Amino acid sequence: MTESVVRALYGRATSLNLSSKRINAVPKCVSRLPKLAVLLLNNNSISALPAELLSLQHLVELNLGNNAFKEVPAVLGHLESLKKLYLFSNQITVVPPDVIDGLRNLVLLNLNHNQIQRLPPEIKSLSRLQHLSVLDNKLEEVPVELGHLTMLSEINLTSNNLSWLPNEVCQCKELTKLHVARNKLTSLPEGMGALSKLKVLDVAGNKLSMFPVEFHLLSLKELYYEGNRFVCCEPMLSVQDGEVLTLKELVARFVLREDRNKSSLVHRMLPHYPLLTALLANVSCCAVCLNPLLTTWLECVHFINLKKVMKMRSSQTIPVRAVLCSYKCFNTDGHSYYGVATR
């Protein structure tokens with residue numbers, strides 16, 4: 001190990017590999033390499049970083065994987081040039097907000113195989129982040145601030161304790177790969193149709209009953225979904241209730257229909273009522289008549305052949321959610337939507 005450092009010192013090296021050297025501390029003389037860009041310290045027994053590393057202001061890549069860290073070292077928050085940070089296979093339980101806030105040039109963050117329960121809202125500071133991996137941790141929720149990371153192309157949240165994903169994830173329009181296998185998800189965000197660049201989706205081993213509305217419009221290349229609780233196409237007797245819409249729903253549907261007419265008075269006046277605009281922001285459309293509705297009246301499902309509809313290699317069929325505005329539409333001939341039975 002000493003020879004590696006000495007050679008680096010004399011050669012004014014820009015990279016230093018101290019991985020698998022059986023060390024439990026970082027040699028302080030490493031700080032005498034101010035031009036160091038890559039520092040590999042993985043596969044050791046290191047539990048802390050010396051303050052002297054603050055001198056490494058040109059450090060671009062730092063690998064601290066498979067060590068003995070119990071927390072993210074505070075010194076990292078001052079290494080503003082860092083683009084790639086690996087902290088996998090440690091004993092980290094908390095990601096400090098102030099450290100995350102100082103890593104604004106980070107492109108890749110790997111926190112796999114730790115004991116992390118939550119990510120701080122300050123993660124929104126990582127505006128240049130493209131790859132986020134928190135595989136095999138104890139995450140119970142994903143911060144809505146993740147939606148600020150509009151450059152993210154890959155997210156890996158496999159093997160955690162997630163029961164839901166925030167709709168804000170759908171704001172990551174550059175996303176090409178989303179891995180959320182082996183969690184406790186009962187549904188996926190309804191806005192997933194906005195992820196036009198998504199190519200790989202892994203939701204295997206969750207508790208999903210169906211995919212969200214318009215899911216079949218995604219241009220996926222790979223979909224992994226085994227081990228879920230998807231609804232089956234089993235004929236059952238239909239028990240219909242009379243349609244009694246609330247006054248709120250009736251008015252909302254009227255306003256939404258009028259808003260489609262760009263020359264209508266409602267369309268011109270709606271921007272002057274921000275509370276009403278916010279209320280009507282999350283509207284749905286009837287899959288049959290295409291009219292807007294505020295509250296789902298009838299939840300349905302249709303079964304999509306992956307090969308025929310989504311042009312994928314698999315010829316299997318998946319259930320995709322659809323909403324209908326009334327039993328009148330549900331009883332219309334010629335559609336392939338089925339009511340979902342609740343037991």
Side-chain angles (χ1 to χ4, degrees), residues 1-103 105-120 122-123 126 129 131-140 156-161 182:
M1 185 270 291
T2 304
E3 292 179 5
S4 300
V5 177
V6 170
R7 282 199 302 269
L9 287 169
Y10 279 99
R12 296 182 179 180
T14 58
S15 65
L16 178 60
N17 187 349
L18 295 178
S19 60
S20 305
K21 297 294 184 182
R22 299 181 181 179
I23 58 176
N24 53 26
V26 181
K28 292 185 178 180
C29 56
V30 170
S31 62
R32 291 162 57 191
L33 293 166
K35 294 185 178 180
L36 203 63
V38 178
L39 178 57
L40 307 180
L41 294 166
N42 49 302
N43 304 329
N44 286 294
S45 301
I46 303 168
S47 59
L49 294 181
E52 285 79 2
L53 290 191
L54 282 172
S55 63
L56 304 182
Q57 287 301 309
H58 294 284
L59 199 63
V60 174
E61 179 177 341
L62 178 59
N63 194 330
L64 299 172
N66 197 20
N67 274 286
F69 291 98
K70 293 186 177 180
E71 58 184 22
V72 178
V75 69
L76 297 182
H78 302 282
L79 300 179
E80 297 179 359
S81 294
L82 266 186
K83 291 186 177 181
K84 297 181 180 181
L85 176 59
Y86 300 88
L87 283 162
F88 60 86
S89 299
N90 280 281
Q91 302 160 36
I92 297 169
T93 58
V94 177
V95 179
D98 52 341
V99 176
I100 286 292
D101 198 45
L103 295 171
N105 288 306
L106 215 57
V107 172
L108 182 152
L109 177 59
N110 186 320
L111 295 166
N112 296 345
H113 310 300
N114 281 289
Q115 306 291 319
I116 300 167
Q117 291 186 337
R118 63 184 296 271
L119 296 173
E122 285 74 11
I123 197 169
L126 308 182
L129 198 65
H131 302 273
L132 173 63
S133 194
V134 200
L135 177 151
D136 185 27
N137 275 269
K138 295 184 177 180
L139 286 181
E140 296 181 354
N156 194 334
L157 302 171
T158 295
S159 296
N160 279 281
N161 297 318
R182 296 188 293 282

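For clarity, every value in this text was computed on a predicted model and none was experimentally measured.
- Of the inter-residue distances, the one linking Leu39 atom CG with Asn17 atom CG reads 9.0 Å to the nearest 0.5 angstrom.
- One distance of note links CG of Leu56 with CG of Leu54; it measures 8.5 Å at 0.5 Å rounding.
- For Gln57 (side chain) and His78 (main-chain N/O), a donor-acceptor pair under 3.5 Å exists by modelled atom type.
- Looking at Ile46 and Leu41, their side chains come closer than 4.5 Å, going by heavy atoms from C-beta outward.
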For this session: Apply side-chain contact (heavy atoms from CB on, under 4.5 Å) to Asn63 and Leu85, showing your working.
Result: CA-CA 6 Å; Asn63 194 330; Leu85 176 59; over 6 Å; no

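- When the side chain to side chain contact (heavy atoms under 4.5 Å, CB included) test is applied to Asn66, the partners found at least two apart in sequence or on another chain are Asn43, Phe88, Ser89.
- In this structure, the side chain of Asn160 engages the main chain of Leu139 through a donor-acceptor pair within 3.5 Å.
- Remark: Leu108 engages Lys84, Tyr86, Asn110, His131 in a side chain to side chain contact (heavy atoms under 4.5 Å, CB included) (not counting sequence neighbours).
- Partners of Asn42 by side-chain hydrogen bond (donor to acceptor under 3.5 Å, both in side chains), not counting sequence neighbours: none found.
- A donor-acceptor distance shorter than 3.5 angstrom exists from the side chain of Asn156 to the backbone of Thr158, with no hydrogens or angles considered.
- Not a single donor-acceptor pair under 3.5 Å links the side chain of Ser81 to the backbone N or O of Leu59.
- Under the 4.5 Å side-chain criterion, counting only non-hydrogen atoms from C-beta, Ser55 is not in contact with Leu33.
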Problem set entry | Leu16 and Val30: CA distance, side-chain angles, deciding distance, side-chain contact (heavy atoms from CB on, under 4.5 Å) verdict | CA-CA 9 Å; Leu16 178 60; Val30 170; 3.9 Å; yes

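- Taken to the nearest 0.5 Å, the CG atom of Asn44 stands 10.0 Å off from the CG atom of Leu64.
- For the pair Asn114 (side chain) and Val134 (backbone), a donor-acceptor distance under 3.5 Å is absent.
- Within the 4.5 Å cutoff, side-chain heavy atoms of Val95 are placed close to those of Leu111.
- For the residue pair Gln115 and Lys138, a side-chain donor N or O sits within less than 3.5 Å of a side-chain acceptor on the partner.
- When every heavy atom of Ala51 is checked against every heavy atom of Val75, the shortest pair comes out as O-CG2, 4.4 Å.
- Between Pro120 and Ile100 there is a side-chain heavy-atom pair separated by less than 4.5 Å.
- Checking side-chain atoms of Asn67 against main-chain N and O of Phe69 turns up no donor-acceptor pair under 3.5 Å.
- Other residues, nucleotides and ligands contribute only 12 or fewer heavy atoms inside 6.0 Å of the CD atom of Glu80.
- Considering all non-hydrogen atoms of both residues, Ser45 and Ala68 come closest at O-CB, 4.0 Å.
- In this structure, the side chain of Asn90 does not engage the main chain of Ile92 through any donor-acceptor pair within 3.5 Å.
- Side-chain N/O atoms of Arg182 and Ser159 include a donor and acceptor closer than 3.5 Å.
- Taking all atoms of both residues into account, the shortest heavy-atom contact from Pro96 to Val72 is CD-CB, 3.7 Å.
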For this session: Might you work through the side-chain contact (heavy atoms from CB on, under 4.5 Å) test for Val38 and Leu40, ending with a clear yes or no?
Result: CA-CA 7 Å; Val38 178; Leu40 307 180; 3.9 Å; yes

For this session: For side-chain contact (heavy atoms from CB on, under 4.5 Å), just list the numbers for Leu82 and Leu62, CA-CA rounded to whole Å, side-chain angles, deciding distance to a tenth of an Å, and then say yes or no.
Result: CA-CA 7 Å; Leu82 266 186; Leu62 178 59; 3.9 Å; yes

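- Residues Val107 and Leu129 are not in side-chain contact: their nearest non-hydrogen atoms beyond the backbone lie 4.5 Å or more apart.
- Few gaps surround CD on Glu122; more than 12 heavy atoms of other groups in view lie less than 6.0 Å from it.
- A heavy-atom distance below 4.5 Å is not found between the side chains of Thr93 and Glu71.
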